[in-house]
Amino acid sequence: MTTSAHRPDAPTIPTSLSAAQPGWVAHADVIVVGSGIAGLTAALELRNQVGRVLLVTKDVLSSGSTVWAQGGIAAALDPKDSPRAHLEDTLVAGAGLCDPAAVEVLVNEGPDRVRELMERGARFDVEADGEVALTREGGHHADRIAHAGGDATGAEISRALVAQLEAVRNDPGIEIIEHAQVLDILTSAGKIEPQEHDEDRRVACGVTLHVRGEGTRDGVGSALARAVVLATGGIGQLYVSSTNPSQSTGDGIAAALRAGADLADLEFVQFHPTVLWLGSGARGQLTLISEAVRGEGAYLIDVEGKRFMTNVHEMAELAPRDVVAHAIVEQMEKTGSDHVFLDARHLGAEFLKNRFPTIYESLLAQGFDITAEPVPVAPAQHYHSGGILTNASGRSTLRGLYAVGESACTGVHGANRLASNSLLEGIVFAHRAAEDIARRMEAGELPQREPQERPGQSGLVMAASRSKIQRSMTAGAGVTRTRASLARTLETLGSIRTDAAIPEPVQGDHFTLPQAAEWEATNIHVVSLALASAALLRAESRGGHFRADYPEQDSDWLLRVVTRIGLDGKLVTDTAPLTRGDHH
């Protein structure tokens with residue numbers, strides 16, 4: 001097997017975004033970036049363990065991706081269930097690439113973390129006897145999905161955690177900055193490759209960010225801290241259509257790469273099988289129809305009215321998501337259609353309205369009545385199993401930098417996330433990261449360092465290039481990939497210019513200004529390059545990575561694809577063992 005670690009044509013990656021010089025400085029012990037379940041949990045846990053926490057979020061406090069989670073949160077809460085059974089289902093879904101030790105942490109600590117959510121005010125749906133109502137979703141062999149409001153689990157969890165933070169917003173030990181886009185990780189002097197002594201290594205010591213309209217905290221500023229926790233969510237806007245909110249532009253993953261941290265499992269992108277199909281011209285965030293609808297018995301049928309999943313997998317519509325997504329794509333090709341249908345009519349109108357009120361109303365608003373007609377669906381980008389490589393305490397390979405939630409690669413998802421494990425991963429590893437940071441600070445292991453300019457170039461991609469990137473990623477690095485399609489995508493991405501910002505237009509040439517749209521486009525471009533490179537390297541099909549030219553799993557690829565910036569500034573894509581040591 002060969003790797004692309006030394007590819008001469010590997011792209012050069014800017015080590016920072018072009019931006020104005022910081023006009024203000026904030027100080028904290030820990031900076032948490034992001035306000036989904038992972039970021040909110042980390043901030044709440046840290047508030048009780050360190051002197052001062054700064055929580056920054058790209059929009060308002062309640063705007064994290066967690067709000068959109070419909071299905072629920074998985075944990076072995078039923079006495080008839082067990083963490084061991086949950087582990088086995090997770091490993092099967094991960095298709096051989098899970099880190100078993102990380103999964104052990106997830107399933108064993110998960111039930112306690114869910115109970116803590118309830119103590120923090122999250123109200124899950126209950127049975128007549130008052131016990132939490134548990135349902136089943138694809139890939140699970142037991143009822144272990146707790147949900148709230150039928151299909152509004154994420155919104156309820158977010159509400160409860162935001163309420164906890166709002167209650168302490170005036171606490172001098174915590175500061176919340178909304179409308180804040182993180183630009184780069186600040187780092188101290190040092191090299192990015194391991195050295196004999198820790199002081200020779202680069203250390204994260206804060207962030208630069210741009211704040212919109214926050215009084216004295218507006219424009220570009222810097223925030224210094226002894227540790228940084230990235231909880232910046234997913235990568236949905238790398239693709240033409242996604243279930244992710246518009247702010248999911250891979251900001252944290254791109255910033256970590258530029259700072260010198262390792263990324264992993266980038267090629268494993270989960271395309272949700274049942275996203276409302278609104279025609280080939282649909283763009284942006286699309287309506288997700290939760291897997292829980294299939295969990296309750298809805299069928300998939302093709303445009304000819306035939307059910308097809310029973311011939312594909314023993315679990316039929318409840319097969320792992322990658323299996324269902326690939327089967328839908330194959331059936332669409334067979335029938336010459338660009339969608340299939342989800343048929344839930346047999347479940348009854350009253351049941352559907354009560355069990356899935358949010359989905360029912362959302363579909364109705366777009367002209368579809370799920371109680372009376374099959375609903376057109378097709379796969380769309382949904383979740384990213386890869387991200388910033390971390391250990392079981394959330395530590396990245398860059399000292400002082402932590403990652404939790406969807407922006408992290410903990411190893412629990414492997415090649416394909418098991419349904420409803422994402423919210424669980426967020427709270428479990430955010431809790432562990434907070435404990436690790438507090439312990440290390442008490443031991444004097446994370447002193448405040450002074451940021452210094454990193455080697456390498458700054459750069460920006462024009463905002464107008466964003467749609468070109470998205471089209472190329474969807475065509476070449478989408479549900480089905482080949483060496484040729486990925487090579488075309490990388491060629492297109494390589495043709496997109498990364499420029500240093502210049503203040504005025506140059507006659508006869510384009511120009512790029514340092515502003516939000518350009519920063520997002522640059523992050524989308526960087527993560528797209530890294531993802532497509534990883535997908536090109538993995539010459540097999542597994543989980544969320546399907547190569548039509550290598551359609552089978554290959555045991556030689558029981559490895560992790562790791563991506564980083566080399567000493568020469570070029571993107572390095574290489575392989576590593578699935579298990580990892582304790583990061584600095």
Side-chain angles (χ1 to χ4, degrees), residues 32 34-49 55 61-62 64-83 85-87 89-90 105-137 140 142-169 174 231 290-292 295 354-358 404-406 412 418-435:
V32 178
S35 61
I37 188 172
L40 294 172
T41 298
L44 287 167
E45 291 293 332
L46 285 163
R47 175 183 166 267
N48 296 322
Q49 300 181 67
L55 173 63
L61 200 55
S62 60
S65 295
T66 296
V67 171
W68 302 98
Q70 295 174 346
I73 185 167
L77 298 171
D78 190 327
K80 298 189 292 294
D81 194 11
S82 70
H86 189 184
L87 178 141
D89 286 344
T90 300
V105 168
L106 179 80
V107 299
N108 287 319
E109 298 182 13
D112 285 343
R113 301 290 86 84
V114 173
R115 293 184 187 101
E116 287 173 2
L117 270 181
M118 297 184 222
E119 292 170 4
R120 284 183 160 143
R123 298 187 294 265
F124 291 101
D125 295 345
V126 297
E127 303 285 4
D129 60 3
E131 293 295 319
V132 174
L134 299 172
T135 58
R136 191 175 306 197
E137 293 180 3
H140 292 272
D143 294 340
R144 65 170 68 99
I145 314 300
H147 49 84
D151 55 1
T153 310
E156 171 57 19
I157 290 172
S158 179
R159 181 206 61 77
L161 294 177
V162 167
Q164 292 271 307
L165 273 165
E166 290 289 1
V168 297
R169 189 185 275 264
I174 190 165
S290 169
E291 192 154 7
N354 290 331
R355 175 67 177 86
F356 303 109
T358 306
V404 291
E406 192 173 354
V412 300
L418 181 64
S420 291
N421 268 358
S422 52
L423 293 177
L424 190 70
E425 181 197 31
I427 53 171
V428 167
F429 290 93
H431 189 278
R432 290 176 68 87
E435 287 189 334

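Not measured: the values here are computed from a predicted model. What you see below is based on every heavy atom in this structure, not just the backbone, and it leaves out hydrogens, waters and symmetry mates. All residue numbers refer to positions in the sequence shown, counting from 1.
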Got Val412 and Val428 here, is their nearest side-chain heavy-atom distance under 4.5 Å?
no

Using a strict cut-off of less than 4.0 Å between a Lys/Arg side-chain nitrogen and an Asp/Glu carboxylate oxygen, indicate whether Glu435 and Arg432 qualify as a salt bridge.
no

Spacing of CG belonging to Leu106 relative to CD belonging to Glu425, to within rounding of 0.5 Å
7.0 Å

Would you say the side-chain atoms of His140 and Asp89 include a donor-acceptor pair closer than 3.5 Å?
no

Whether Arg113 and Glu45 form a salt bridge (side-chain N of Lys/Arg under 4.0 Å from carboxylate O of Asp/Glu) is what I want to check.
no

Stepwise side chain to side chain contact (heavy atoms under 4.5 Å, CB included) check, Ile157 with Leu40:
CA-CA 10 Å; Ile157 290 172; Leu40 294 172; over 6 Å; no

Find the distance between CG (Leu165) and CG (Leu55) and round it off to the nearest 0.5 Å.
6.0 Å

Report yes if the side chains of Val114 and Leu424 come closer than 4.5 Å at any heavy-atom pair, otherwise no.
yes

Kindly say whether Arg123 contributes a backbone atom to a donor-acceptor pair with the side chain of Glu156 at under 3.5 angstrom?
yes

Test log, rule side chain to side chain contact (heavy atoms under 4.5 Å, CB included), inputs Asn421 and His86
CA-CA 10 Å; Asn421 268 358; His86 189 184; 2.9 Å; yes

Does a side-chain heavy-atom distance below 4.5 Å link Arg120 with Thr41?
yes

Measure the CZ-CG distance between Phe356 and Asn354 for me, rounded to the nearest 0.5 Å.
11.0 Å

Should Leu87 and Asn108 count as side-chain neighbours, where that means a heavy-atom distance under 4.5 Å?
no

Looking at side-chain heavy atoms only, is the closest gap between Arg115 and Asp112 below 4.5 Å?
yes

Would you check if Leu134 and Asp81 make a side-chain contact, meaning some heavy-atom pair closer than 4.5 Å?
no

At what distance, to the nearest 0.5 angstrom, does CG of Leu77 lie from CG of Asp143?
11.5 Å

Return the set of residues passing side chain to side chain donor-acceptor pair (under 3.5 Å) with Gln49 (not counting sequence neighbours), or none when no residue passes.
none

How about His431 and Glu116: do any of their side-chain heavy atoms sit closer than 4.5 Å?
yes

Are the side chains of Glu137 and Leu418 in contact, using a 4.5 Å heavy-atom criterion?
no

Between CG of Leu117 and CD1 of Ile37, what distance do you get to the nearest 0.5 Å?
5.0 Å

